[in-house]
Amino acid sequence: MSDGEYSEDAIKTITAVIDRKKNELVELDKKKSRVKKAEKLEGIDKLIAYINADIASYIAVLADMKDDESLLEGIDLEDLDEVDRPECYDRYMKTLGEEAAELDEKASEIRADHCDMVMETIGQEMGEKALKSGKMIKIMLDDPYMLSVIGETIFYDDKLYEEFSKLFDMEEPDNKKGKSKKKGKKKSKKGKK
């Protein structure tokens, strides 16, 4: 994905959060060297691990936004999901002030939107490949869950439902009453969802 697909503001926000978090790590390392209690040290270590994971995930988003894989050099993206948000994180964020919290929230929204968009693109590419493969279609036809997902998608999408009806009503031209009954059923089910 190229840089032109994203606003300068989004890229600037993500970059600012990465830079700020890197500075936070420097400060936390300094603080850690002055702490003696094991409990406090453990809290700082958890905070550092979480901020490192956060930085890595923002860099991954930025690399994709700027279409620059070199940003990922030396970054381990494998264990990001295994790093838990420490209990002290919210208290820690309060010490950074309102501006930092607002920037974090904005960057987090950009990251979430970006991840949704990436997953949608991956889903479309996989779906297209699957539907172009006779072997994959056979596998999907043997999977009741997959058939249900496809059927529901067609049922709740007006355009797909219309095309589906045109294709399969040609096989049953006398079923005009059933057709209007199905439409009524579809509308009542849609209202319940």
Side-chain angles (χ1 to χ4, degrees), residues 1-25 28 46-87 89-90 92-93 96 99-161 163-164 190 193:
M1 301 202 181
S2 73
D3 186 36
E5 292 176 49
Y6 300 93
S7 72
E8 276 301 313
D9 184 51
I11 291 171
K12 207 173 165 181
T13 300
I14 296 290
T15 305
V17 163
I18 291 168
D19 291 343
R20 195 202 75 227
K21 285 179 181 287
K22 283 180 177 177
N23 290 332
E24 287 171 30
L25 287 178
L28 284 167
K46 285 181 179 177
L47 204 49
I48 287 171
Y50 182 75
I51 292 170
N52 268 318
D54 221 17
I55 290 170
S57 74
Y58 279 120
I59 290 174
V61 168
L62 189 65
D64 198 35
M65 285 178 157
K66 296 178 96 172
D67 199 16
D68 183 359
E69 293 294 310
S70 70
L71 294 172
L72 296 172
E73 283 172 20
I75 291 176
D76 183 13
L77 300 172
E78 294 285 317
D79 304 322
L80 289 187
D81 292 336
E82 291 175 27
V83 180
D84 292 325
R85 182 179 170 136
E87 287 175 30
Y89 188 74
D90 290 334
Y92 170 73
M93 281 305 296
L96 298 177
E99 196 178 312
E102 282 172 13
L103 189 66
D104 251 36
E105 194 177 326
K106 188 177 177 185
S108 188
E109 283 172 17
I110 293 167
R111 178 174 55 187
D113 289 345
H114 176 78
C115 292
D116 287 347
M117 188 191 70
V118 168
M119 288 313 296
E120 195 175 312
T121 303
I122 290 169
Q124 286 169 359
E125 287 170 2
M126 285 177 77
E128 189 178 344
K129 280 181 184 173
L131 292 173
K132 285 180 178 177
S133 161
K135 191 176 181 180
M136 197 66 208
I137 286 174
K138 252 184 176 176
I139 291 166
M140 291 192 294
L141 283 169
D142 289 337
D143 185 336
Y145 173 74
M146 182 54 66
L147 294 177
S148 172
V149 168
I150 293 169
E152 272 190 50
T153 302
I154 292 168
F155 191 78
Y156 289 111
D157 183 298
D158 289 337
K159 188 179 176 195
L160 288 175
Y161 186 81
E163 293 303 320
F164 180 87
K190 225 176 182 178
K193 237 188 168 189

Say you draw a straight line from [atom1] of [X] to [atom2] of [Y]; how long is it, rounded to the nearest 0.5 Å?
{"X": "Ile51", "Y": "Arg85", "atom1": "CD1", "atom2": "CZ", "value": "11.0 Å"}
{"X": "Ile110", "Y": "Cys115", "atom1": "CD1", "atom2": "SG", "value": "12.0 Å"}
{"X": "Ile59", "Y": "Ile18", "atom1": "CD1", "atom2": "CD1", "value": "5.0 Å"}
{"X": "Glu69", "Y": "Leu71", "atom1": "CD", "atom2": "CG", "value": "8.5 Å"}
{"X": "Thr121", "Y": "Asp116", "atom1": "OG1", "atom2": "CG", "value": "10.5 Å"}

Is the closest side-chain heavy-atom distance between [X] and [Y] below 4.5 Å?
{"X": "Met93", "Y": "Leu96", "result": "yes"}
{"X": "Lys46", "Y": "Asp84", "result": "no"}
{"X": "Glu125", "Y": "Lys129", "result": "no"}
{"X": "Ile14", "Y": "His114", "result": "no"}
{"X": "Val83", "Y": "Asn52", "result": "no"}

Not counting sequence neighbours, which residues clear salt bridge (Lys or Arg N to Asp or Glu O under 4.0 Å) with Lys21? List them please. Asp54, Asp104
Minimal non-hydrogen separation, [X] against [Y], with atom names:
{"X": "Leu103", "Y": "Arg20", "answer": "CD2-NH1, 4.1 Å"}
{"X": "Ala56", "Y": "Ile75", "answer": "CB-CG2, 3.8 Å"}
{"X": "Ser57", "Y": "Arg111", "answer": "OG-NH1, 2.5 Å"}

Listed once per pair and sorted, the ring pair (Phe, Tyr, Trp, His ring centres under 6.0 Å) pairs that draw on residues 46-76, sequence neighbours left out: Tyr50-Tyr89
Side chain to side chain contact (heavy atoms under 4.5 Å, CB included) against Asp9, all qualifying residues, sequence neighbours excluded: Ser7, Thr13, Lys106
What residues form a ring-ring contact (aromatic ring centres under 6.0 Å, His included) with Tyr92, not counting sequence neighbours? none
Derivation and outcome, salt bridge (charged side-chain N to carboxylate O under 4.0 Å, His left out), residues Glu163 and Lys159: CA-CA 6 Å; Glu163 293 303 320; Lys159 188 179 176 195; over 6 Å; no
For Glu128, enumerate each residue passing the side-chain hydrogen bond (donor to acceptor under 3.5 Å, both in side chains) test, keeping only those at least two apart in sequence or located in another chain. Lys132
Flag, side chain of Thr15 to backbone of Ile11, donor-acceptor distance under 3.5 Å: yes
Would you be so kind as to tabulate the donor-acceptor pairs closer than 3.5 Å made by side chains of residues 137-150, with sequence neighbours excluded?
residue : atom : partner : partner atom : Å
Asp143  : OD1  : Tyr145  : N            : 3.0
Asp143  : OD1  : Met146  : N            : 3.3

